[in-house]
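Encoded as structure tokens, the structure appears first; notes follow it.
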Amino acid sequence: MIYSIRWKMLIGFILIVALAIGTIAIVATRTATRQFDRYITQDQALKYQRLALILSSYYEETGSWDGVQKLIEKIKKTYNSQIVLANEEGTIVGDTSGGMTGSISEEELSLKIATLGEAKDPTGFLFLRDRKRSQLEKIFLSSVNRSITVAAVLSILAAVILTAIYSRRTLKPIQELTSAAEKISRGELDQEVRVKSRDEVGKLASAFNSMAEDLKEQERLRKNMVSDVAHELRSPLTKTHGYLEAIKEGRMEAKPRVIDSLYKNSELLKKLVDDLHDLARAEAGKLDLEKQPILLRDIVKRAIESVRVKLEEKGIDLKVDSGEDALLDVDPDRVHQVLQNLIDNAVIHVEEGGHIRINTDLEDGYVRVSVSDDGEGIPEKDLPHIFNRFYRVDSSRSRSSGGTGLGLTIAKELVEAHGGEIEVSSERGQGATFSFTLPLQDGPEEL
């Protein structure tokens with residue numbers, strides 16, 4: 001408790017306020033006392049002037065200050081202060097206390113109240129020192145100083161109360177953030193704190209809520225991925241195990257059809273494992289890219305050749321629309337993988353006899369490659385999730401076609417690893433268009 005920020009703030013404010021108000025109170029007390037004494041002294045100036053006339057008359061009558069101490073002792077009861085008389089040379093010749101002798105500087109005396117004789121040719125100086133206050137004056141000063149002390153104490157108490165209230169209101173959101181963070185550390189990811197202000201604490205709360213939402217989404221994706229991987233592996237493994245068990249028990253012969261089925265299952269498993277491996281490396285930023293200069297048209301031709309059999313099987317018409325070629329500094333195999341994944345995805349969702357278009361355009365130092373189809377399109381609600389792992393708009397159709405559900409996710413990671421972006425646009429029933437950008441190596445070249 002004592003180590004909390006609230007207590008540190010409270011103690012810090014109390015010390016600062018106490019020091020500030022205490023300093024002000026001390027200075028105010030001393031200033032009030034000094035100014036009061038000065039005021040009383042000046043108020044009694046006539047009284048001291050009469051004393052100066054008496055002493056001047058004494059000097060004129062005697063011609064010196066000899067024996068003046070006796071005169072001063074006679075009149076000292078009239079005054080509450082110590083009065084010191086010095087001759088023109090600054091030597092003390094009289095003192096109501098009877099204790100001061102010799103020379104003394106004006107700094108040792110509180111106030112010079114009179115100059116005796118002519119200003120140009122003085123005969124002596126009258127000083128006031130250690131003025132004694134009357135009982136009434138003491139009561140007045142005590143009342144003033146007590147008022148200052150009470151005001152200082154009340155100010156400190158008010159500052160403590162206000163600081164406690166302010167620190168409580170200020171630090172309450174931080175306490176809520178701390179509590180929510182502790183719950184997240186225990187695995188309770190469904191946390192959200194209220195944003196009550198627009199200051200730094202409010203921004204921190206907003207950032208925390210965003211982080212908590214991301215953590216919850218990542219945890220959901222992690223669980224879904226484990227479930228999806230298990231599901232994807234189960235089907236080919238079950239088929240393969242069934243075939244092998246039947247062959248082992250003699251219930252089935254290893255005919256070419258069976259071997260071909262086993263081969264396809266193993267090929268699907270290998271592709272799934274390879275895709276997971278590539279995805280893991282790409283997300284960890286450890287994907288090795290073997291970049292080299294290559295023309296975009298060579299990558300497009302290679303991708304089309306790799307899917308030509310699938311196109312012919314479904315009677316799909318594929319056309320390329322490009323006016324200018326571009327020299328890229330990329331990993332040819334990885335960019336080919338991206339383009340092939342997009343074409344494969346289009347082939348899956350296009351009906352027999354459908355159309356696929358590949359467009360390439362140059363724009364501001366980038367080349368944009370688009371793959372469009374006239375298939376059933378993608379529902380609007382699915383567009384934000386289309387690049388998520390194992391996400392399928394039509395899961396049964398995708399699985400039957402041999403897809404792993406990772407093609408678009410991998411394509412996104414590979415494009416971003418090259419410094420580009422990938423996006424999708426679609427309307428239900430009007431096909432879909434996937435496009436990605438890659439930075440140019442040099443200027444455009446004519447085809």
Side-chain angles (χ1 to χ4, degrees), residues 17-156:
V17 170
L19 179 62
I21 295 179
T23 302
I24 293 173
I26 292 172
V27 172
T29 300
R30 292 184 176 180
T31 301
T33 301
R34 186 170 58 252
Q35 293 300 323
F36 178 77
D37 288 339
R38 186 177 294 274
Y39 170 77
I40 294 299
T41 300
Q42 292 174 350
D43 187 56
Q44 295 181 350
L46 291 175
K47 187 177 180 181
Y48 295 125
Q49 287 296 327
R50 286 196 298 269
L51 175 60
L53 290 174
I54 293 171
L55 293 174
S56 295
S57 298
Y58 177 87
Y59 186 84
E60 290 176 358
E61 292 176 1
T62 61
S64 69
W65 293 113
D66 295 338
V68 74
Q69 179 63 32
K70 294 180 180 180
L71 175 62
I72 290 177
E73 288 179 354
K74 290 180 180 180
I75 63 177
K76 68 179 181 180
K77 294 181 180 179
T78 309
Y79 302 93
N80 295 323
S81 304
Q82 181 182 355
I83 298 173
V84 178
L85 175 64
N87 60 20
E88 67 275 12
E89 297 176 353
T91 302
I92 296 174
V93 295
D95 174 20
T96 55
S97 68
M100 295 188 68
T101 59
S103 299
I104 189 169
S105 63
E106 291 188 18
E107 286 75 10
E108 297 182 62
L109 303 171
S110 60
L111 182 65
K112 183 171 73 173
I113 57 177
T115 299
L116 306 180
E118 298 295 331
K120 296 181 179 180
D121 186 21
T123 58
F125 303 96
L126 196 61
F127 293 94
L128 183 66
R129 185 186 187 198
D130 297 335
R131 177 182 177 278
K132 294 180 180 179
R133 303 184 187 93
S134 66
Q135 188 62 29
L136 185 61
E137 292 171 353
K138 291 179 180 178
I139 293 173
F140 176 80
L141 279 178
S142 177
S143 176
V144 171
N145 293 336
R146 185 165 56 251
S147 298
I148 294 174
T149 302
V150 171
V153 172
L154 292 177
S155 298
I156 293 174

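Computed from a prediction, not measured in an experiment: that's the story for all the values here.
Taking Thr62 as the reference, nothing meets the side-chain hydrogen bond (donor to acceptor under 3.5 Å, both in side chains) condition, with sequence neighbours excluded.
Summarising the geometry of Ser56 relative to Gly117, their closest heavy-atom pair is OG-N, 4.1 Å, with the distance given to 0.1 Å. For the residue pair Val68 and Tyr58, the shortest heavy atom distance occurs at N-OH, 3.3 Å. Considering every non-hydrogen atom in both Ala18 and Ile156, the closest pair reads CA-CD1, 3.9 Å. Shown here for Tyr59 and Thr123, the closest heavy-atom pair between the two residues is CE2-CG2, 3.3 Å. Of all heavy-atom pairs between Thr23 and Leu19, the closest is OG1-O, 2.6 Å. The minimum heavy-atom distance linking Ala32 with Val144 is given by the pair CB-CG1, 4.2 Å.
In this structure, Trp65 contributes its side chain and Ala86 its backbone to no donor-acceptor pair below 3.5 Å. A distance-only check finds no donor-acceptor pair linking the side chain of Thr91 to the backbone of Asn87 [under 3.5 Å]. For Ser143 (side chain) and Ile139 (main-chain N/O), no donor-acceptor pair under 3.5 Å exists by modelled atom type.
Note that the CG atom of Leu85 and the CD atom of Gln69 stand 9.0 Å from one another [nearest 0.5 Å]. Note that CG of Leu154 is 10.5 Å distant from OG1 of Thr149, once rounded to the nearest 0.5 Å. Atom-to-atom distance recorded for Leu116:CG and Phe125:CZ is 8.5 Å, nearest 0.5 angstrom.
Two residues are said to be in side-chain contact when any heavy atoms from C-beta on lie closer than 4.5 Å; Ile72 and Leu55 meet this criterion.
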